[in-house]
Amino acid sequence: MSASRGGFSSRFGFIMAAAGSAVGLGNIWGFPTQTASNGGAAFVLVYLVLAFCLAYPAFMAELLIGRYGQANAVTSMQKMSRNLWQKRFAFIVGFSGIICAALILSFYGILAGWMMSYAIEPVTTTLGFNEASSWLTSQSIARNLIFSALFMMLTISIIRRGVEDGIEKWSKRLMPMLIGLLILLIIYVFTLDGSREGFAAYLNPDISRVFEPDLLINALGSAFFSLSLGTSVMVIYGSYISKKENLVTLGAQVTLIDVSIAFLAGLLIIPSMYVAQAQGVAIFSDDGSLISGPNLVFEVLPTLFDGMGGIGLFVGFGFFVLMSIAALTSSISMLEGPVSFIVERHNIERKKATTFVGLGIFIISTLIILNFDVLFGFVISLSTVYGQPLIAMLCCIFVGWIWQRSDVLAEIKQGNDNVEHGLFWKIWPWYTKFICPSAIAIVFFHSL
Ligand code: PHE
């Protein structure tokens, strides 16, 4: 079976694909924005702790489920189940993850469309097409529909090619580009007046805020969103890794890349805001907090780019291309979750399944665009605030309480003979069984 369903051809391919899924708008937009609105470095600190102590173990649970099952999320979890009730539970958890991925893609595609249209704007401006430029950067139903459709077509065209030729190949091309662009932009911003102040604001934590409930909840949500947890995505990516690979190390490497890129993105965005301030742009809202959310990315930063003169066109272009690439390597993983399910469970050919699922999700995006005020926030909360933590928690429960312990240990040992002497072996199994689900539940119910 595994030969026909495809898989990653190399360790590097897996790392780029999984890091590609993890690194997305969540890192480059969400994380810096959350940092700005949650007291700067205190948020960064809490985020780092939660990412390694809660998100990484849950991430490993999902990867291990997939590699053991060698199939889509539902089938993989059903393979671990030993009776009818467990199989039903497996179906509910796996299928909810798949639906969650589809819902996330439906709003993510709209955001990614905005990024693409803002990336094209410097080009039309250079060519002197001013009307086109203002159309590209003003909110309209037509623009939103056209650009989400374009973005969805890009996503579909990669997933239609399969794991090695589509996901792996494109992640290997796009991720190094993304990292290169990010570093170039950071270096450039550091040469500008005002950036040092931003650097200080980003890196000096206000320790008194570390235990604020809102800050904890936002940091946990960001970490789960960033590692694509609770969406079946890491289960399916795990299922494409060879049994010869050391999953414990690979998972840690992906987490490290994800967290580092979020950190680097903060290093770009927060100092950029202070540079904008040095140029006379207002960066604090009326209540004294740093501007965050869409205003930051679509107003403060473009004003900054405009103020840079000719080079600003290049910087703006680079920034929004960076955003679009980050979104694309994530959106392909969101589409792969439902597509792999349909291909494997219903025996539908991959290309057809991809087009079918992609169109279905685009219809949801269209509904959101047409009823933006009601649906946009609702779908985001449903999938990321409620769906992801709950489903990730259920995955931990599944691994801790349903999957037979000897099988769990045997799976950890695959490709990692010495694991018995390490910390992961001693801590992770009981940690995932008791600590992870309870900690997620505490933070989750607290947030309600
Ligand atoms: N991790 C991605 C980001 O940070 C988003 C994502 C969520 C991707 C869920 C896949 C599944 O933007």
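Both ligands and their constituent atoms are indexed starting at 1 by order of listing.
Under 4.0 Å from ligand 1, the heavy atoms of Tyr108 that appear belong solely to its side chain. With a heavy-atom cut-off of 4.0 Å, Ser228 touches ligand 1 through backbone and side chain alike.
Between Arg67 and Glu411 there is a salt bridge, with a side-chain nitrogen of the basic residue lying less than 4.0 Å from a carboxylate oxygen of the acidic one.
Side-chain contact check for Tyr118 versus Phe319: every heavy-atom pair is 4.5 Å or farther apart. Side-chain contact check for Ser333 versus Ile167: every heavy-atom pair is 4.5 Å or farther apart.
The minimum heavy-atom distance between Ala353 and Val343, with the atom names listed, is CB-CG2, 3.8 Å.
Of all protein heavy atoms, the one lying nearest to atom 4 (O) of ligand 1 is Ala22 O, 3.0 Å. Here the protein heavy atom with the shortest distance to atom 2 (C) of ligand 1 is Ser21 O, 3.3 Å.
Remark: ligand 1 atoms within the under-4.0 Å shell around heavy atoms of Asn27 are 4 (O). Contact atoms of ligand 1 toward Ser226: 1 (N), 4 (O) (distance under 4.0 Å to a heavy atom of the residue).
When Leu328, Thr354, Ile361, Leu150 are each tested for a side-chain contact (heavy atoms from CB on, under 4.5 Å) with Thr155, only one passes: Leu328.
Every N/O-N/O distance between Leu227 and ligand 1 stays at or above 3.5 Å. Ligand 1 has a nitrogen or oxygen under 3.5 angstrom from a nitrogen or oxygen of Phe225. Looking at Gly26 next to ligand 1, an N or O pair under 3.5 Å apart turns up.
Put simply, the side chain of Tyr108 gets close to the backbone of Leu25: a donor and an acceptor are under 3.5 Å apart.
Under a 4.0 angstrom heavy-atom cut-off, Ser333 registers as being in contact with ligand 1.
The aromatic rings of Trp29 and Trp114 are tilted relative to each other, their planes meeting at an angle between 30° and 60°.
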